[in-house]
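One-based numbering, in listed order, for ligands and for the atoms of each. Numbers here simply count residues along the sequence, with the first being 1.
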Amino acid sequence: MYLIGLTGGIASGKSTVARRLYEHGAVHIDADQLARRVVEPGTPALAAIVAEFGDGVLRSDGSLDRVKLGERVFGDPEARAKLNAIVHPAVRELSARLIAKAEAEDPDAVIVYDVPLLVEASVDHPFDLVVVTSAPRRTQVQRLVEERGLDPIQAEARVDAQVDNTARLAIADVVIDTDGTLAHTMSQTDALWRRIVEERARR
Ligand SMILES: CC(C)(COP(=O)(O)OP(=O)(O)OC[C@H]1O[C@@H](n2cnc3c(N)ncnc32)[C@H](O)[C@@H]1O)[C@@H](O)C(=O)NCCC(=O)NCCS
Ligand SMILES: Nc1ncnc2c1ncn2[C@@H]1O[C@H](COP(=O)(O)OP(=O)(O)OP(=O)(O)O)[C@@H](O)[C@H]1O
């Protein structure tokens, strides 16, 4: 197994890079998706969220109202810490299980664990390489407003709910600059893939 930890600020292009690595043959494990799975109806994490935030954060079908919960936690560090304390242990456990499963299925797999809060949540899986996607704050805010329909205040609250780029760059083995064209992001990602293939051939 070759395990890549892929992180970066919101809307910095993690999914774009992860998709490209997947196209090259990597296994992609996405923490945002796992964070959705662990709060499906009937899970202990969803019950804990309702106990903490009330059933106003549920939709009429019993599933989590993500918009409502988002309004409660982005911009309120205490509420966010409470949510993180419920969701992160469950994501940590599930991700460890899925990484182990991918390795069991293919001991030579290159696995990309795409995790926005690698720094914030002190994720300490045994990464061979930590890759950080990096775009300036104004680009992140602009993408959140133009592509995801947030208003500028909400967009800034989401960016501010995360560590700044300096903290992520401090733990990066490889930085992908995602402030240019998509083609520039892709060519850096292709170069990264070649580096990994060469590194593994030397092992
Ligand atoms: C608050 C929730 C319900 C909002 O859901 P929504 O569908 O609007 O956003 P989504 O989950 O797709 O997240 C989008 C992006 O927001 C950022 N983000 C999400 N949660 C957090 C958080 N707790 N702290 C900082 N940034 C976060 C990430 O960059 C993520 O990629 C949801 O984000 C959530 O449950 N968050 C807590 C779990 C978590 O930390 N997930 C992130 C990775 S494990
Ligand atoms: N040079 C670039 N590199 C990457 N993405 C870019 C670039 N230019 C524009 N984009 C756009 O920016 C957006 C980045 O979104 P993406 O989902 O990849 O980010 P993310 O870091 O995974 O976000 P999140 O933290 O919300 O999961 C995409 O819509 C992408 O098309």
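- In terms of modelled atom types and a separation under 3.5 Å, the side chain of Gln154 and the main chain of Asp151 share a donor-acceptor contact.
- A salt bridge between Arg195 and Glu199 is present, with a side-chain N of the basic residue lying under 4.0 Å from a carboxylate O of the acidic one.
- Between the side chain of Arg168 and the backbone N or O of Val119 there is no donor-acceptor pair closer than 3.5 Å.
- In this structure, the protein non-hydrogen atom closest to atom 41 (N) of ligand 1 is Ala35 CB, 3.9 Å.
- Every atom of ligand 2 with a heavy atom of Ile10 under 4.0 Å away is listed here by number and element: 25 (O), 26 (O).
- Contacts between Gln142 and ligand 2 below 4.0 angstrom, taking non-hydrogen atoms only, are absent altogether.
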* Asked: After noting the C-alpha distance and the side-chain angles of Arg137 and Asp160, does the key distance pass the side-chain contact (heavy atoms from CB on, under 4.5 Å) rule?
  -> CA-CA 9 Å; Arg137 180 192 166 84; Asp160 291 337; 2.6 Å; yes

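- Ion pairing between Arg203 and Asp128 holds under the 4.0 Å rule for side-chain N and carboxylate O.
- At the top of the distance list for atom 38 (C) of ligand 1, counting protein heavy atoms only, stands Val87 CG1, 3.7 Å.
- For atom 1 (C) of ligand 1, the nearest protein heavy atom (residue, atom name, distance) is Val73 CG2, 3.7 Å.
- Using a non-hydrogen distance threshold of 4.0 Å, Ala18 does not register as a contact of ligand 2.
- When only non-hydrogen protein atoms are considered, atom 25 (C) of ligand 1 lies nearest to Ala161 O, 3.5 Å.
- For atom 22 (C) of ligand 1, the nearest protein heavy atom (residue, atom name, distance) is Leu117 CD1, 3.6 Å.
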* To do: Apply salt bridge (Lys or Arg N to Asp or Glu O under 4.0 Å) to the pair Glu198 and Arg194, showing each step before the final yes or no.
  => CA-CA 6 Å; Glu198 281 162 19; Arg194 286 195 298 275; 5.8 Å; no

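- For atom 26 (O) of ligand 2, the nearest non-hydrogen atom of the protein is Arg148 NH1, 2.5 Å.
- Close contacts between ligand 2 and Gly180 involve ligand atoms 1 (N), 2 (C), 8 (N) [criterion: under 4.0 Å to a heavy atom].
- Taking 4.0 Å as the cut-off between side-chain N and carboxylate O, Arg36 and Glu40 do not count as a salt-bridged pair.
- Tyr113 OH to Leu3 CG: the interatomic distance, rounded to the nearest 0.5 Å, is 10.0 Å.
- Counting protein heavy atoms only, atom 28 (C) of ligand 1 is closest to Gln162 NE2, 3.4 Å.
- The backbone N or O of Ala79 lies less than 3.5 Å from a partner atom in the side chain of Asp76, making a donor-acceptor pair.
- Near Gly9, meaning under 4.0 Å from one of its heavy atoms, ligand 2 places the atoms 21 (O).
- With respect to Arg72 and Asp65, no salt bridge is recorded, no charged nitrogen being found less than 4.0 Å from a carboxylate O.
- Counting all heavy atoms, side chain and backbone alike, Asn165 lies closest to Ala135 at ND2-O, 3.0 Å.
- Scanning both residues, Gly75 and Pro77, for their nearest heavy atoms gives O-CD, 3.7 Å.
- At a heavy-atom cutoff of 4.0 Å, ligand 2 is contacted by both the backbone and the side chain of Lys14.
- Residues Asp179 and Thr139 bring a donor and an acceptor atom of their side chains to less than 3.5 Å of each other.
- Using a 4.0 Å cut-off between heavy atoms, Thr185 contacts ligand 2 through its side chain alone, with no backbone atom that close.
- Counting heavy atoms under 4.0 Å from ligand 1, residue Asn84 touches it through the side chain alone.
- The shell of residues lying under 4.0 angstrom from ligand 2, judged by heavy atoms, includes Glu147.
- Within ligand 2, the atoms closer than 4.0 Å to a non-hydrogen atom of Asp32 are 27 (O), numbered from 1 in the order shown.
- Counting heavy atoms closer than 4.0 Å to ligand 1, residue Leu83 contributes side-chain atoms (C-beta onward) but none from N, CA, C or O.
- Under the side chain to side chain donor-acceptor pair (under 3.5 Å) test applied with Asp114, the options His28, Lys14, Arg19 reduce to a single match, His28.
- Of all atoms in ligand 2, numbered sequentially from 1 with element shown, those under 4.0 Å from a heavy atom of Thr16 are 5 (N), 16 (P), 18 (O).
- Here the shortest heavy-atom distance to atom 42 (C) of ligand 1, taken over Asp32, Asp30, Val39, Ile10, belongs to Asp32.
- Counting protein heavy atoms only, atom 19 (O) of ligand 2 is closest to Gly13 N, 3.1 Å.
- For the pair Leu46 and Ile86, the minimum side-chain heavy-atom distance is 4.5 Å or more.
- Scanning all protein heavy atoms for the shortest distance to atom 21 (C) of ligand 1 gives Phe74 CE2, 3.7 Å.
- In this structure, His88 is part of the shell of residues with a heavy atom less than 4.0 angstrom from ligand 1.
- Only the side chain of Arg158 comes within 4.0 Å of ligand 1, counting heavy atoms alone; its backbone N, CA, C and O stay farther away.
- Proximity of Ser15 to ligand 2, defined as any heavy-atom pair under 4.0 Å, is shared by backbone and side chain alike.
- The single protein non-hydrogen atom nearest to atom 6 (P) of ligand 1 is Arg66 NE, 3.8 Å, given as residue, atom name and distance.
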* After noting the C-alpha distance and the side-chain angles of Met1 and Asp108, does the key distance pass the side-chain contact (heavy atoms from CB on, under 4.5 Å) rule? -> CA-CA 5 Å; Met1 165 178 82; Asp108 291 329; over 6 Å; no

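- The shell of residues lying under 4.0 angstrom from ligand 2, judged by heavy atoms, excludes Pro116.
- Within the listing of ligand 2, atoms 1 (N) sit less than 4.0 angstrom from a heavy atom of Thr181.
- Counting only distance, with no hydrogens or angles, the side chain of Gln162 and the backbone of Leu117 share no donor-acceptor pair below 3.5 Å.
- At a 4.0 Å cut-off, not a single heavy atom of Gly8 sits close enough to ligand 2 to count as contact.
- Scanning Gln162, Arg158, Arg143 for the heavy atom closest to atom 9 (C) of ligand 2 points to Arg143.
- The number of heavy atoms from other shown groups lying within 6.0 Å of CZ (Arg143) is above 12.
- In this structure, Arg36 counts as a contact residue of ligand 1, since one of its heavy atoms falls inside 4.0 Å of the ligand.
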